[in-house]
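Below is one structure, written out as structure tokens, with a few remarks after it.
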Amino acid sequence: MADLLKTRGLLDIESLDRGTIQELLDRAKFFQPGPGETYKRLESLKGKTTVNLFFEASTRTRVSFEIAERRLGGDSISIAAQGSSTSKGESLVDTLNTLAAMRPHAVVMRHAASGAPQFVSRHLKLPIVNAGDGTHEHPTQALLDARTILDHRPTLTGLRVAIIGDIAHSRVARSNIHLLSKFGADIVLCGPPSLLPQELAQMAPGVRLSWNMQDALAGADVIMMLRVQLERQYESPMLASEYFRFYGLRPEHVELASPHVIVMHPGPINRGRELSSEVADSQRSVILNQVENGVAVRMAVLERILG
Ligand code: CP
């Protein structure tokens, strides 16, 4: 697996084995700063150039990759699709071939089309790091989510995880289902029927579906809320107030979960649609810990691929 990561990059969680995931999580722990410290400055990527190519908007993922690249002593260039020649009609493969001709050592890529990084990877002899592809996968998000859970719980095995929201359009949900099920977590997926595809129950062992928040939250150790992805919904979406009434996380819901439950959200959060401010800003919320762990996890991934 190590060689595949070095040659192909990180395209998904599905094809990673449990040992490789554990090594990345352990290495990310090494990179976590202590209280009042910042991230370690190392030279593992000295002389290595990474291109961060974002065809979709991003704050957390793009900035944390940039910080990770710099903290490891590498050089990086970030490009947004709006400012690149794709806006003049250049194809994805032509854009990637053009960038590859400038001899970077890896490309970090986000794209609205599911499978775009895998497609590019078949055409280029360059490691590709998937920073989120359509509704397919967001592998570094699942790694940072697992790192965050393990900062609060001793193991993922047997953990009851409720993933709630727009499951249909969520690459975060899919990567987390792959990762958590490899470690033996019990997963319940919950959302409105229109956003909860029945076939996801077959994605991995230990996955069940529910349309009912109260049922999904009973005894949960981890509540993972998801953003409603309006940019991927082509039919009239539910009003924010209507969605919040049935699937917005409020303090009374958190009471139904385990007493030590943690509340997660990959961000960006929509207060008053996916969760209330009381919950988002509560002691149970680890949302900013997730953001913090994004840097450590991406340092671990980049070092493994390029170091
Ligand atoms: N979680 C996540 O991918 O956030 P960004 O869209 O801000 O990168």
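As the structure is a computational prediction, the values presented were derived from the model and not from experiment. When a ligand or atom number is given, it counts from 1 through the structure's own listing order.
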Just need the protein heavy atom nearest to atom 6 (O) of ligand 1, so name the residue and atom and give the distance.
->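 Answer, as residue, atom name and distance: R110 NH1, 2.9 Å.
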
So which protein heavy atom does atom 4 (O) of ligand 1 come closest to, and at what separation?
->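 Answer, as residue, atom name and distance: R60 NE, 3.1 Å.
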
So which heavy atom on H105 is nearest to which on G47, and how close?
->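 Of all heavy-atom pairs spanning H105 and G47, the closest is CE1-O, 3.2 Å.
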
Minimum heavy-atom distance N130-Q118, with the two atoms named |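 Closest approach of N130 to Q118, heavy atoms only: ND2-NE2, 4.3 Å.
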
Please check if M225 and L144 belong to a single hydrophobic cluster, counting links between Ile, Leu, Val, Met, Phe, Trp and Tyr side chain heavy atoms closer than 4.5 Å.
->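 Yes: a chain of side-chain contacts under 4.5 Å links M225 to L144.
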
Measure the distances from the heavy atoms of [X] to every atom of ligand 1 and state whether one is below 4.0 angstrom.
{"X": "Q290", "answer": "no"}
{"X": "E56", "answer": "no"}
{"X": "G132", "answer": "no"}

Can you list the steps and then say if R271 with D281 is a side-chain contact (heavy atoms from CB on, under 4.5 Å)?
-> CA-CA 10 Å; R271 294 167 189 260; D281 303 328; 2.9 Å; yes

Side chain proximity check, V120 to L92, heavy atoms < 4.5 angstrom =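 Yes - at least one pair of side-chain heavy atoms lies under 4.5 Å apart.
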
Contact atoms of ligand 1, heavy-atom distance to [X] under 4.0 Å:
{"X": "T61", "value": "2 (C), 3 (O), 4 (O), 5 (P), 8 (O)"}
{"X": "T59", "value": "5 (P), 7 (O), 8 (O)"}
{"X": "Q141", "value": "1 (N), 2 (C)"}
{"X": "G267", "value": "1 (N), 2 (C), 4 (O)"}

Please determine which of I13, I149, D145 meets the side-chain contact (heavy atoms from CB on, under 4.5 Å) test together with L179.
->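 For L179, the side-chain contact (heavy atoms from CB on, under 4.5 Å) check succeeds only for I13.
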
With L156, which of V222, L150, V161 fulfils side-chain contact (heavy atoms from CB on, under 4.5 Å)?
->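 The residue from V222, L150, V161 that satisfies side-chain contact (heavy atoms from CB on, under 4.5 Å) with L156 turns out to be L150.
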
Does P266, backbone or side chain, put an N or O under 3.5 Å from an N or O of ligand 1?
->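 Between P266 and ligand 1 (N or O atoms, distance only) the closest approach is under 3.5 Å.
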
Return yes or no for this condition: an N or O of R62 is under 3.5 Å from an N or O of ligand 1.
->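 No: no nitrogen or oxygen of R62 is under 3.5 Å from one in ligand 1.
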
Within 6.0 angstrom of K40 NZ, more than 12 heavy atoms from elsewhere =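 Atom NZ in K40 is crowded, with more than 12 foreign heavy atoms closer than 6.0 Å.
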
